[in-house]
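Please read the structure below before turning to the comments.
Start at 1 with the first residue, then count along the sequence. Every heavy atom of this structure was used, including side-chain atoms; hydrogens, water molecules and symmetry mates were not.
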Amino acid sequence: MSQRLAWPDIARGASVLLVVLHHVVRQMEAQAPSTWMNAADAWSAADQFLTPIRIPFFFFISGFLVARAIQGSLRQNRKPWLVPAYLYVIWSTLLTLRLLLPAASSEHTFASNLLGNLLLAGSGYWYLYALPLYFLYTHLTRSWKGWIASVPLVALLVAREPLTEWTTSIGYSTMDSASLLGSVFANGIFFWLGARYGKQIVHVFAGRGALWVLGTVAVYSIVQLTAMLAKITVIVLPLASILGIAVGIMLTSGLSGDHGVIRGIRYIGQRTLPVYVLQFFFISVLSLAWGRLGQLPAIADAAAASWVYPIVITAAAASVSLLFYAIAMRTRALSWLFVPPAALTRKRTETRN
């Protein structure tokens, strides 16, 4: 049996931690007292700087890891697309149930919110919504010439801004949250690249020397910082995303994951789903606590803590999520939250008449 590569797990672990960090920073911006705003602004800028790495690199690695399954039949390889679809329905429904709580308020009915969350990617779990679609598209176009299969995906990426405005307006007319279909449409190209050309791309960027790495990081930094200052990040996003993928490969491909923090990130990378799905519940509880305690003088006076707050909360969210996951997987009554029934994912032998 071949040994599992460490760096893709490290890459996925780092990516999902950046996703959690993104949501913690947004919560911090929305609820922290004024004395925390300097740190909130700095963390928001750092989060924006990392956006082309956080999302495109995650989907690139996701595609890279299922490249072999893409070439097989959907009947024999149901797990890569059916598991995220199952989890999307389960966790989107659970998250919507919070609207039934006595203290909850809503502009739309529960049924309308649930339908919107499931069909229009309004729950926040749009990664799980996107992965089955990306897998199915890449599978169905596997025999097409590369440039032909890429055209619709590139067009969706280029049209991200108007698509996002359109889907957002549709979302708010149906549910209390914005539709994230714009993000779903825009990021398929990165999964497709990982699944279709991942080996070649990794071969180009993996194992490069320090000068290559520093040079690529410098080019990425110049492009993204310039776009941020000029407020043209949407226009520059395709280029910044390609550079972000290159940076991600260079920084993670040489890591073994055997020591210290990197070992923990690799561990998370092998269990990204529980961290991703549970973060929203963790942050919802955190937001509730901030609503009750955030304006206390003691919080306002602790401005120094604001600089480490996102890191501490991100680590706590990941730790609590993994702890709950470990307990759930040892409890038959809870394991269905993360694992679909075996009948749905079991490989079936195809028969011929």
Item to check | Residue list, ring pair (Phe, Tyr, Trp, His ring centres under 6.0 Å) with Tyr197, at least two apart or on another chain | outcome: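 Scan of Tyr197 (ring pair (Phe, Tyr, Trp, His ring centres under 6.0 Å), adjacent residues dropped) gives Trp192.
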
Next on the checklist: Applying ring pair (Phe, Tyr, Trp, His ring centres under 6.0 Å), can you list everything that pairs with Tyr309, at least two apart in sequence or on another chain?
Outcome noted: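 Counting only residues at least two positions away or on another chain, Tyr309 forms a ring pair (Phe, Tyr, Trp, His ring centres under 6.0 Å) with Trp36, Trp290.
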
Checklist entry - Hydrophobic clusters join Ile, Leu, Val, Met, Phe, Trp and Tyr when side-chain heavy atoms are under 4.5 Å apart, directly or via other members; which others share one with Leu323? => result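 Under the 4.5 Å side-chain rule, Leu323 groups with Ile327.
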
Item to check | salt bridge (Lys or Arg N to Asp or Glu O under 4.0 Å) partners of residues 306-328, not counting sequence neighbours, each pair once | outcome: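 Listed once each, the pairs would be none.
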
Checklist entry - Under the salt bridge (Lys or Arg N to Asp or Glu O under 4.0 Å) rule, what pairs show up with a residue in residues 30-51, not counting sequence neighbours? => result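 Every salt bridge (Lys or Arg N to Asp or Glu O under 4.0 Å) pair that includes a residue of residues 30-51, provided the two are not neighbours, is Asp47-Arg54.
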
Show which side-chain atoms of residues 232-252 pair as donor or acceptor with protein atoms under 3.5 Å away, not counting sequence neighbours.
| unit_1 | atom_1 | unit_2 | atom_2 | d |
| --- | --- | --- | --- | --- |
| Ser241 | OG | Leu237 | O | 2.7 |
| Thr252 | OG1 | Gly248 | O | 2.7 |

Next on the checklist: Could you walk me through whether Ile268 and Leu17 satisfy the side chain to side chain contact (heavy atoms under 4.5 Å, CB included) test, starting with their C-alpha distance in whole Å, then the side-chain angles of each, then the deciding distance to 0.1 Å, before giving a yes or no?
Outcome noted: CA-CA 8 Å; Ile268 292 171; Leu17 286 174; 3.9 Å; yes

Item to check | Criterion side-chain hydrogen bond (donor to acceptor under 3.5 Å, both in side chains) against Asn117, the qualifying member of Thr96, Thr174, Thr93 | outcome: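 The side-chain hydrogen bond (donor to acceptor under 3.5 Å, both in side chains) with Asn117 is passed solely by Thr96 among Thr96, Thr174, Thr93.
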
Considering only heavy atoms from C-beta outward, does the side chain of [X] approach that of [Y] to under 4.5 Å?
X	Y	answer
Leu100	Leu97	yes
Ser179	Ile170	no
Asn38	Trp307	yes
Val320	Tyr325	no
Ile201	Phe60	yes
Ser253	Val202	no

Next on the checklist: Filter on side-chain hydrogen bond (donor to acceptor under 3.5 Å, both in side chains), then keep only pairs touching residues 329-338, sequence neighbours left out; what's left?
Outcome noted: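 Qualifying pairs: none.
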
Checklist entry - Which pairs pass side-chain hydrogen bond (donor to acceptor under 3.5 Å, both in side chains) with one or both residues in residues 203-223, sequence neighbours excluded? => result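 Non-adjacent pairs meeting side-chain hydrogen bond (donor to acceptor under 3.5 Å, both in side chains): zero.
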
Item to check | Partners meeting salt bridge (charged side-chain N to carboxylate O under 4.0 Å, His left out) with Asp176 (sequence neighbours left out) | outcome: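 Partners of Asp176 under the salt bridge (charged side-chain N to carboxylate O under 4.0 Å, His left out) test: none.
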
Checklist entry - Who are the salt bridge (charged side-chain N to carboxylate O under 4.0 Å, His left out) partners of Arg271, not counting sequence neighbours? => result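 By the salt bridge (charged side-chain N to carboxylate O under 4.0 Å, His left out) rule, Arg271 matches no residue at all.
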
Item to check | For Ala328 against Phe338, the heavy-atom pair lying closest together | outcome: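 Closest pair (atom of Ala328, atom of Phe338, distance): CB-CE1, 3.7 Å.
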
Next on the checklist: Would you say the ring centers of Tyr127 and Phe58 fall short of 6.0 Å from each other?
Outcome noted: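 When the ring centroids of Tyr127 and Phe58 are compared, they turn out to be within the sub-6.0 Å range.
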
Next on the checklist: Ring centres under 6.0 Å, that's the criterion: do Tyr86 and Trp81 meet it?
Outcome noted: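 Centroid separation for Tyr86 and Trp81: 6.0 Å or greater.
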
Item to check | The single option from Phe59, Tyr88, Tyr276, Phe185 passing ring pair (Phe, Tyr, Trp, His ring centres under 6.0 Å) against Trp126 | outcome: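 That would be Phe59; it is the only one of Phe59, Tyr88, Tyr276, Phe185 passing the ring pair (Phe, Tyr, Trp, His ring centres under 6.0 Å) with Trp126.
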
Checklist entry - Would you find more than 12 non-hydrogen atoms of other residues, nucleotides or ligands less than 6.0 Å from Arg26 atom CZ? => result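 Not more than 12 within 6.0 Å, no.
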
Item to check | Separation between CG of Leu99 and CD of Glu107, rounded to the nearest 0.5 Å | outcome: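 Answer rounded to 0.5 Å: 11.5 Å.
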
Can you give the donor-acceptor pairs under 3.5 Å from side chains of residues 128-135 to other protein atoms, not counting sequence neighbours?
| unit_1 | atom_1 | unit_2 | atom_2 | d |
| --- | --- | --- | --- | --- |
| Tyr129 | OH | Leu119 | O | 2.9 |
| Tyr134 | OH | Val184 | O | 2.5 |
| Tyr134 | OH | Gly188 | N | 3.3 |

Item to check | Counterpart residues, side chain to side chain donor-acceptor pair (under 3.5 Å), relative to Gln279 (two or more places apart) | outcome: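 Side chain to side chain donor-acceptor pair (under 3.5 Å) list for Gln279, sorted by chain: His23.
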
Next on the checklist: Apply ring-ring contact (aromatic ring centres under 6.0 Å, His included) to residues Phe57 and Phe190 and explain how you reach the verdict.
Outcome noted: CA-CA 7 Å; Phe57 189 43; Phe190 307 117; over 10 Å; no

